[in-house]
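So the structure is just underneath, and the comments pick up after that.
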Amino acid sequence: MGSIITVAQQKGGTGKTTLSAHLAVALSEGGKRPVALLDVDPQGSLGKWYEVREATLGEAETGLDFRTASGWGARREAQRLTRDSEYVVIDTPPHADLDARPAIECADLVIVPVQPTPPDLSATMTTLDMLADGGPAGVVVFNRVPSRGKLAAEMAEAIRDFAGDIASTSLGNRVAYAGCFSRGLTAIETGGNTRAAEEIRELAQEIVTRLS
């Protein structure tokens, strides 16, 4: 049985869908590992990305399995996908506690992307609260970190006090992530050894280690 990784964040605009796609491709290691994506966000942004990916690479060459589900069906579909996939990455909707909860509850690890700003930190606490009371393990990933900025020490400290775990790998605010996403690709596939590609590989390896 494979592992379920749920990417969840009650605040919109944190790069959740882009992170889900990049993480799945990184985990697959060029198709060497069977990885599935599950989109439970009614907006369907991940599904649209996957359709473009099929058009770009060919339906048989995406290197990923892809499914959609909604509400409580997410748990059943995710567990079914673990039969044939080493990792199942779930993209969840923002602002939808009830829709996201089944995908969170069935996860082996929940990734919570957060931008390093006070408003994002405040909104993130709602998501972390869902994990605090006997929920699955969660890890905060700082995303879209400005190249000239530093994470506010009080932000990191507040998250550690509340949830206790922040990924050692953070992702920069890089044009490469959004640019390749619109073509159904990821920075790993278009950027070679660029910093964007290196970051997502490092995060994927950290996730694998945590699940081990």
Side-chain angles (χ1 to χ4, degrees), residues 3-27 35 37-41 43 45-46 49 74 87-97 99-101 103-104 107-132 135-147 149-152 155-156 158-160 162-181 186-188 195-211:
S3 299
I4 298 173
I5 303 165
T6 296
V7 182
Q9 171 59 275
Q10 289 289 290
K11 184 182 183 302
T14 59
K16 180 172 53 61
T17 299
T18 302
L19 175 57
S20 298
H22 274 77
L23 184 59
V25 170
L27 289 169
V35 175
L37 276 168
L38 179 59
D39 189 1
V40 301
D41 187 346
Q43 295 180 10
S45 298
L46 189 61
W49 171 83
Y87 299 102
V88 177
V89 180
I90 307 178
D91 185 28
T92 59
H95 313 301
D97 187 8
D99 287 338
R101 188 172 292 277
I104 290 175
D108 296 292
L109 180 67
V110 176
I111 297 175
V112 184
V114 56
Q115 297 180 96
T117 68
D120 282 72
L121 175 61
S122 178
T124 297
M125 292 306 182
T126 303
T127 306
L128 296 178
D129 190 44
M130 297 173 67
L131 307 176
V139 59
V140 169
V141 174
F142 282 109
N143 193 25
R144 296 176 175 169
V145 179
S147 58
K150 294 183 178 180
L151 297 178
M155 286 184 61
I159 289 176
R160 288 192 181 94
F162 192 85
D165 209 355
I166 300 174
S168 60
T169 306
S170 60
L171 305 179
N173 187 19
R174 307 184 191 283
V175 175
Y177 289 123
C180 59
F181 189 84
T186 66
I188 291 175
R195 186 55 189 143
E198 292 172 357
E199 283 175 348
I200 200 65
R201 288 193 184 101
E202 290 170 7
L203 179 60
Q205 185 54 55
E206 181 175 347
I207 297 305
V208 168
T209 300
R210 286 172 177 272
L211 288 168

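Residue numbers start at 1 and run along the sequence shown. Keep in mind that this is a model prediction, so the values were computed, not measured.
- A 4.5 Å side-chain heavy-atom check between L37 and D91 finds every atom pair outside the cut-off.
- E202 and T169 form no side-chain donor-acceptor contact under 3.5 Å, judged by distance and modelled atom types alone.
- Going from atom OG1 of T186 over to atom CZ of F181 covers 10.5 Å, rounded to the nearest 0.5 Å.
- What you find for A8 and V110 is that their closest heavy atoms are CB-CG1, 4.1 Å.
- A distance of 10.0 Å separates CD1 in I5 from OG in S20, rounded to the nearest 0.5 Å.
- Taking all atoms of both residues into account, the shortest heavy-atom contact from C180 to A187 is SG-N, 3.2 Å.
- V7 has its side chain out of reach of V141: every pair of non-hydrogen atoms, C-beta onward, lies at least 4.5 Å apart.
- Residues V114 and F142 form a side-chain contact, since some pair of their non-hydrogen atoms from C-beta on lies under 4.5 Å apart.
- Atoms CD1 and CD, on I200 and Q205 in that order, are 12.5 Å from each other to the nearest 0.5 Å.
- For the residue pair Q115 and R144, the shortest heavy atom distance occurs at OE1-CD, 3.2 Å.
- Atom OG1 of residue T92 and atom CD of residue Q10 lie 8.0 Å apart, to the nearest 0.5 angstrom.
- For the pair A24 and V35, the tightest heavy-atom approach, listed with the atom from each and the gap, is O-CG1, 3.8 Å.
- Atom-to-atom distance recorded for E198:CD and I188:CD1 is 11.0 Å, nearest 0.5 angstrom.
- You'll find the side chain of V40 reaches within 4.5 Å of the side chain of P93, heavy atoms only.
- Of all non-hydrogen atoms in R210 and D165, the two that sit nearest each other are NH1-OD2, 2.6 Å.
- Of the candidates L211, I90, L38, I4 forms a side-chain contact (heavy atoms from CB on, under 4.5 Å) with just one, namely I90.
- L23 CG to T18 OG1: the interatomic distance, rounded to the nearest 0.5 Å, is 12.0 Å.
- Ring geometry, Y177 versus H22: the interplanar angle exceeds 60°, so the pair is classed perpendicular (tilted spans 30 to 60°).
- Partner I111 forms a side-chain contact (heavy atoms from CB on, under 4.5 Å) with one of N143, T6, I207 and no other, that one being I207.
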Derivation of the side-chain contact (heavy atoms from CB on, under 4.5 Å) call for L19 and T14 | CA-CA 9 Å; L19 175 57; T14 59; over 6 Å; no
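- D41 and P94 make their closest contact through OD2-CD, 3.7 Å (heavy atoms, listed as atom of the first residue, atom of the second, distance).
- Remark: side-chain polar atoms of E206 are not paired, donor with acceptor, to backbone N or O of A167 under 3.5 angstrom.
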